[in-house]
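Below is one structure; the comments refer to it alone.
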2 protein chains.
Amino acid sequence: MTNDKKIFHKRTERRDAAENRQRILDAALKLFNQSGVGQVSMNQIATEAKIGPGTLYRRYRNKGELCLDLIKDNVVLLFEDIDTYLEENREESPSLRFKAVLSLFLRFRENKAQLLKGVEDSMSTNSGNPLTNSPIYNELHQIFVNLFEEIYPPESTRVKNAFRADMLLLALRSDSYLFQREVRGYSSEMILEQIYSIFISNK
Amino acid sequence: MTNDKKIFHKRTERRDAAENRQRILDAALKLFNQSGVGQVSMNQIATEAKIGPGTLYRRYRNKGELCLDLIKDNVVLLFEDIDTYLEENREESPSLRFKAVLSLFLRFRENKAQLLKGVEDSMSTNSGNPLTNSPIYNELHQIFVNLFEEIYPPESTRVKNAFRADMLLLALRSDSYLFQREVRGYSSEMILEQIYSIFISNK
DNA sequence: ATGATAAACGGAGATGTCTCCATTTGTCAA
DNA sequence: TTGACAAATGGAGACATCTCCGTTTATCAT
């Protein structure tokens, strides 16, 4: 343990780097609370953290990565919650478990709406599709595929469950979720209900 | 006709303005073909068209509006095709008409993939949701809602058809369509089939 | 024709993203 | 302790978006 660095020939994070990291996180959080994630530029964050822009960009290639770092703990918790629920409720029907997972995610989405939008916005600006690149969505995709496989056995449906899960994830992305929330005026619960009914054919 | 301007107290577009408009369109088309829509900046277009950046931005608030102008004719044609089809096939089943409209749109999407992506990209960067702001998607939304109402009478489904249409339009957006096309490796026909099967419950 | 006027123009500049690289600094081995 | 080296730094600068505003110009009424 004390010798990890020797054993693996890997240097530990330099002390000044660790300090800067924390200063960045503090600065970002402060500015985000002050003006909203969308309004804050990387430059402002660098200035507030008293570091050069280059330093900031080496650590976080864009604002999305910074936002992701800021919610990393919550993401881990979310997936722990999901795993726990799924393990403790193996006996429940797949559709009920599906709804529960959806519900857990939507709660998370409501809590971290701004930062999550920050993540997705720069993902789509910088590197194609949020679906592909965000680890969050990849992991969710796997979870939903598994549930769908129980509900729609591959031999009984013309739709590939990976595709079905892709469609579901579209509905959970910030832009579409917030659109339903703000433009169409749905509550979180109503959105859940609608999504559920579309993806679980209620025979 | 010769007196529209007098009658309506509206000046006609100035000659130099009209010339510039055409120069912009030509320049944009040339550069787009040369390097791809995504790689070309507004500055480059302004330079190529031999006008100042301010002039370009007054006419088109962003690259998306320019792209939209470039495909406006095709958009009109698309909706004419859809209207014609729907009028000539009133007797067909709603699901068949649904699939046909989907097919017409996907053909359009394949033809104008780059420019359409250009439109949607700046829509989402600049003004929230492509769903809301693009006239194309608004009109499609209406068409799909009408078809859904035939297939799923409001009293028989828990899902609002406006919501269903919103979900469908998500699947038709550039980023998700191209994701299926390029990452998942589906052909246009396979995507059509999958979307159809998800939104038309095949009892 | 011509002058008043609204429209169009262009380019400077504010702000933002992101890269590059000369310089500094912490760390580890000797 | 020290010096070599990898890691980290910061800021200049390349480009991009987009705005603002003083200047030019086409058009219409007279």
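We name chains A, B, ... by the order of the sequence lines, and we start the count at 1 in each one.
Residue B:Thr55 places no side-chain N or O under 4.0 Å from the OP1 or OP2 atom of C:dA8.
Using a 4.0 Å cut-off between charged side-chain N and carboxylate O, B:Lys112 and B:Glu120 make no salt bridge.
The CG atom of A:Leu56 sits 12 Å away from the P atom of C:dT19 (whole-angstrom rounding). Atom CD in B:Glu65 sits about 14 Å away from atom C1' in D:dT17, given to the nearest Å. Going from atom CZ of A:Arg59 over to atom P of D:dA7 covers 13 Å, rounded to whole Å. Rounded to an integer number of Å, the gap from B:Ile51 CD1 to D:dT23 P is 21 Å. The separation between A:Arg14 atom CZ and C:dG26 atom P is 7 Å, rounded to whole Å. Atom-to-atom, CG of B:Asp121 to C1' of D:dA16 comes out at 15 Å; the value is rounded to the nearest Å. Atom CD of B:Glu19 and atom P of D:dT25 are 13 Å apart (whole Å). Distance, A:Tyr60 OH to D:dA8 P: 13 Å, rounded to whole Å.
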Would you mind building the protein contact string for nucleotides 13-18 of chain C? One character per nucleotide, 5' to 3', B for base within reach (heavy atoms under 4.0 Å), S for sugar-phosphate only, - for untouched. ---SBB

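Heavy atoms only, all atoms of each residue included: A:Ile71 and A:Phe108 are closest at CD1-CZ, 4.5 Å. Nearest heavy atoms, A:Ala162 versus A:Val145: CA-CG2, 3.9 Å.
Looking at heavy-atom distances under 4.0 Å, B:Arg21 makes no contact with the nucleic acid at all. At the heavy-atom level, B:Arg58 lies under 4.0 Å from base atoms of the strands shown.
The aromatic rings of A:Phe105 and A:Tyr137 lie perpendicular to each other, with more than 60° between the two planes, well past the 30° mark. Ring planes of A:Tyr196 and A:Phe98: tilted class, angle from 30 to 60°.
Taking the ring axis of A:Phe199 as reference, the NZ or CZ atom of A:Arg164 does not stay both within 45° of it and closer than 6.0 Å to the ring centre.
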side-chain hydrogen bond (donor to acceptor under 3.5 Å, both in side chains) between A:Asn161 and A:Tyr152: does it pass, once the steps are laid out? CA-CA 8 Å; A:Asn161 283 318; A:Tyr152 304 101; over 6 Å; no

